[in-house]
There are 2 protein chains.
Amino acid sequence: MLVSELAERADVPLATVKYYLREGLLTPGETTGPRRAEYDDSHLRRLRVLRLLREVGGVPVTSLRQVVEALDDEGLAVHDTMTLVADVISAGPGPQTQDPVALEIVDRVITAMGWDGIRAESLDRQRLASLVTLLNGPGPLAANVEVLTFYAGVADQLARAEIALVDHSTERSHLLEQMVTGSVVYGQVFELLRQLGHEHHHAQVATGSARPQPVGT
Amino acid sequence: MLVSELAERADVPLATVKYYLREGLLTPGETTGPRRAEYDDSHLRRLRVLRLLREVGGVPVTSLRQVVEALDDEGLAVHDTMTLVADVISAGPGPQTQDPVALEIVDRVITAMGWDGIRAESLDRQRLASLVTLLNGPGPLAANVEVLTFYAGVADQLARAEIALVDHSTERSHLLEQMVTGSVVYGQVFELLRQLGHEHHHAQVATGSARPQPVGT
DNA sequence: GCTGCGTGGATACCGGAACTATCTTACTAC
DNA sequence: GTAGTAAGATAGTTCCGGTATCCACGCAGC
């Protein structure tokens, strides 16, 4: 297919596709003449992934370039690609504080969960420590190991389920695209469900019903 | 305190505080002279909340104005304020699709959860439907009622816990600020923990250990 | 073969968001 | 009385994510 068709099929303005090509987010189509180039299904899939990351995940375009680099590096194991992508994708700027106390709280949670596959350089780990610093600074909120471990337990349920859901036997590129988009979209899905849960339970409190209890019924 | 002190205590550039005042995100201090105004602790707390919503939650400044309006409307019940704020805060633009099929899927999940306190106009509900449309469009991912209900169950655990955690007996303004910031910050905390969970379980898969199982051990 | 649409490629421009800098006037503390 | 800063207003800046325009030219239909 030609660019215009690619753009139309992905429901993306042509100008934007050209922009992505310029930025190196899409590999140029196969040139079939001086003013002619052919694009295939892999381009279409890639473009869809990019739009999803941008629009649903809010991933900035500069980060997208890092994502495609990781995705296209055939020499990289699936696992390594995913950690690379994870470092880039999750929201917020890099960690600004390296408060050792917060880091230790985070590490204790990680240990309590038995999560032994986490790199010390994991940006998520450091970002989490920043948030803990923030929570334990001025203000009424506080994060302790117990609460965080509870959260981690819940998060673990999701992580397990999500990994179990993907078909691990498919080809590398398809598998990665599936995992990356899944992670982003289901992250949003969960966040919305959490908000809906809030809305319901707030209503419960407001109408004078019993306060919701954290664990059992 | 004077503006400069307010800015310093909240660790926000003075120019930014002035900007927020201009935008109506902060109420003007009490004028004690033609070129003098006094700010108090409520301003400081408000400013901290705003920065948190902006930096951690990524809430745009224009939405912040709506948030403060809801927060400052003393005639509004706590519950109603929260739903108003929730509509404004959660990420993404308003819903663009109103696919009846997706909406019905969402509603079935809501019913299955026994969530009867959710307004039909809830933006989160509609945003979720948009995501479901997206998932069930082209591409390998798919969202069915079962999977979504599983997610909703997990989300419900969090929502319960979070509501149980706040001290419901404090004064309106403090309570709301606590709930709003808590919702945003813990949303991020959870997302990071979910990513960490992924990182661990991916590592498990990569090292050839048993694949993680969704529910039990 | 001619024509006119559309292509690939390059470059320039735009609009919104979130600040940031400057300037003016005037109080206030020393 | 004078140096320092506050308040308030206005204008300017940076970054991001696109759009728009331009050009020279090949291809499809006639």
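The chains referred to below are lettered A, B, ... by the order of the sequence lines, with proteins before strands, and numbering in each begins at 1.
- When distances run from any side-chain atom of A:Thr16 to the nucleotides C:dC19, D:dA6, D:dG18, the shortest one goes to D:dG18.
- Looking only at distances, no side-chain donor or acceptor of B:His202 sits under 3.5 Å from a matching main-chain atom of B:Glu199.
- If you measure from atom CG of B:Leu64 to atom P of C:dA18, you get 8 Å, rounded to the nearest angstrom.
- Under the 4.0 Å criterion applied to side-chain N and carboxylate O atoms, A:Arg194 and B:Glu162 are assigned as salt-bridge partners.
- The distance between atom CG of B:Asp11 and atom P of C:dC19, rounded to the nearest whole Å, is 13 Å.
- Ranking D:dG26, D:dG18, D:dA6 by closeness to the B:Ser4 side chain, first place goes to D:dA6.
- Proximity note for A:Arg22 (side chain, C-beta onward) versus D:dA20, D:dC27, C:dT20: the nearest is D:dA20.
- Closest approach to the A:Ala15 side chain among D:dA6, D:dG17, D:dT19 is made by D:dT19 (side chain taken as heavy atoms from C-beta onward).
- You'll find that the side chain of A:Leu2 is closest to C:dT7, out of C:dT7, D:dA6, D:dT19.
- Atom CG in A:Leu6 sits about 17 Å away from atom P in C:dG6, given to the nearest Å.
- Residue A:Arg36 contributes atom CZ, which lies 15 Å from atom C1' of D:dA24 at whole-angstrom precision.
- Taking atom CZ of B:Arg35 as the reference point, atom C1' of D:dT5 lies 12 Å away to the nearest angstrom.
- Note on A:Pro13: only backbone sugar-phosphate atoms sit closer than 4.0 angstrom, heavy atoms only; bases stay farther off.
- Side chain of B:Arg127 to backbone of B:Asp87: a donor-acceptor contact under 3.5 angstrom is found.
- With A:Ser90 contributing its side chain and A:Ala86 its backbone, the two residues share a donor-acceptor pair below 3.5 Å.
- Using modelled atom types, no side-chain atom of A:Ser122 and backbone atom of A:Ile118 make a donor-acceptor pair closer than 3.5 Å.
- A:Arg51 comes within contact range of the sugar-phosphate backbone alone, with a heavy-atom separation under 4.0 Å but no base atom that close.
- Distances shorter than 4.0 Å separate none of the side-chain N or O atoms of A:Tyr20 from OP1 or OP2 on D:dG17.
- Between A:Leu21 atom CG and D:dG17 atom P there is a gap of 17 Å when expressed in whole angstrom units.
- The side chain of B:Tyr19 lies closest to C:dA18, out of D:dA6, C:dA18, D:dG8.
- We find that CG of B:Leu26 is positioned 15 Å from P of C:dA18, with the value rounded to whole Å.
- Each of B:Lys18 and A:Gly58 was assigned the nucleotide of DNA chain D with the nearest heavy atom; the assignment lying further toward the 5' end belongs to B:Lys18.
- In this structure, CG of B:Leu25 is placed 10 Å from P of C:dC19, rounded to the nearest angstrom.
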